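FYI, side chains are in, hydrogens and waters are out, and symmetry mates aren't considered; it's all heavy atoms of this structure. Model, not experiment: these values are computed from the prediction.
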2 protein chains.
Amino acid sequence: MPRIVAERADVLPALGECFREHGFEGASLALIGAATGLGKGSLYHFFPGGKAEMATAVLAEIDGWFEREVFAPLRESESPAAGIARMFEATEAYFRSGRRVCLVGCFALGEVRDRFAEAVRSYFQRWVDALDLALGRAGASPDEARRHAVDVVGGIQGAIVLARALDDPEIFSGILARIRQGLMEMKTAS
Amino acid sequence: MPRIVAERADVLPALGECFREHGFEGASLALIGAATGLGKGSLYHFFPGGKAEMATAVLAEIDGWFEREVFAPLRESESPAAGIARMFEATEAYFRSGRRVCLVGCFALGEVRDRFAEAVRSYFQRWVDALDLALGRAGASPDEARRHAVDVVGGIQGAIVLARALDDPEIFSGILARIRQGLMEMKTAS
DNA sequence: ATAACTATGTACCATTTGGTACACAGCCTT
DNA sequence: AAGGCTGTGTACCAAATGGTACATAGTTAT
């Protein structure tokens, strides 16, 4: 019996892709097993709570990544413009021009929103808040900053939906570029 | 044995809500039966193709509604501004301020995009094209019209995602109002 | 060496899944 | 009133579902 020595954290990426591709309900244990290379034994060893715990862990990992790569820079960059630029670059890379779906957004739309409501809410709330803060520091008025933060985060999610629907990654990149442009114009306008 | 005299078209709304609430995979025949009040016998009588045919029928019904209430007015209204105004009103009403999800958008993001790819693509393509046309007729330059059309349709989808995620209908209404405002400023600017 | 702990595969479980078969009831035509 | 058509409920099916139990293999500590 081979010893593969997996850690819980090692399987999270594969697990995440599996949930992204098939949704929570669609990702059966068979698919999850195939995606991760783990049998049920190992799966239930790492995630005694079953599928629900797997999804929670994946959401937490995603949350951690965005916290580190996007939210924190937005809040803490010396120049808010640099934080914002970083957000766009990280976002474009993470979602692979709309070829990759936002799992948190999926969960928000879908079937299972209520089961993971708090994780979903917190993720988006912190994104909006961090961007709000950065825009404020960049010189926007409080409600200008708030409104734009909401519009931008929403706009990114919409870009993913539309790019997937039309099956055209350029849609995603185009929308993001124009959102970014819009923010720059706002900051120089005031 | 009571005769309820249902028609296929009568169950489509309930069927749609069921798919919206649970997703395609999540909507089991048991849930569908409960939502429609129909037993499997009737269900398979109306939709011999099973769940897939049910989903196809629902997508077609939604498509028809938008074609009638949104796309056609956009294309054919005497005043393009009136068509655009109608789009916003119909959209706001249909999605119930983001409390109701866009099934086509869900399918685009989710698990089952490929199975219904053509229906999904066509729906969004025709929406974008119709808005593009209206904006052009309102005086926008060809690529100004195209870009804004894409941004607006994407923006609406994103507004649904964000409103659901933050569980706050006002997010939806706020984003839509600002998108609408943005279009009006564009038309008066040129 | 031996004991304990961590992984892992296999076999199994009850339940639910989507789907089929079919008998039968009400309606329409003739 | 006889026969066909259209709905409808019930019983049923094989397959797949999420989940459990457990024996065992590898690793680490004693």
Report task. Summarise how protein sits on nucleotides 12-19 of chain D as a single string, 5' to 3': B when a protein heavy atom is under 4.0 Å from the base, S for sugar-phosphate-only contact, - for no contact. Result -> -----SBB
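Every side chain to side chain contact (heavy atoms under 4.5 Å, CB included) that B:H148 has, sequence neighbours left out, goes to B:L135, B:E144, B:L183, B:M186. Shown here are the side chain to side chain contact (heavy atoms under 4.5 Å, CB included) partners of B:E92, two or more places apart in sequence or in another chain: B:S97, B:F172, B:S173, B:L176.
Separating the CZ atom of B:R8 from the C1' atom of D:dT6 is a distance of 15 Å, rounded to the nearest angstrom. Going from atom NE2 of A:H45 over to atom P of D:dA21 covers 16 Å, rounded to whole Å. Spacing between atom CD of A:E7 and atom C1' of C:dT6 amounts to 12 Å, rounded to whole angstrom units. Taking atom CD1 on B:I32 and atom P on C:dG18, their separation rounds to 7 Å, with Å as the unit. Taking atom NE2 of residue B:H22 and atom P of nucleotide C:dT16, one finds them 16 Å apart after rounding to whole Å. Residue B:L43 contributes atom CG, which lies 11 Å from atom P of C:dG18 at whole-angstrom precision.
The side-chain hydrogen bond (donor to acceptor under 3.5 Å, both in side chains) contacts involving residues 150-163 of chain B comprise A:R178-B:D151, where partners must be two or more places apart or lie in separate chains. The salt bridge (Lys or Arg N to Asp or Glu O under 4.0 Å) contacts involving residues 26-43 of chain A comprise nothing, where partners must be two or more places apart or lie in separate chains.
Note that CZ of A:R121 and CZ of A:R113 are 12.0 Å apart. Values are rounded to the nearest 0.5 Å. In this structure, CG in B:L15 is found 11.5 Å from CZ in B:F46, a value given to the nearest 0.5 Å.
A salt bridge between A:E53 and A:R8 is present, with a side-chain N of the basic residue lying under 4.0 Å from a carboxylate O of the acidic one. In this structure, A:E78 does not pair ionically with A:R137, as no charged nitrogen and carboxylate oxygen lie closer than 4.0 Å.
Bending across the helix from C:dA1-D:dT30 to C:dT30-D:dA1, expressed as the angle between its end axes from five pairs apiece, amounts to 10° (10° rounding).
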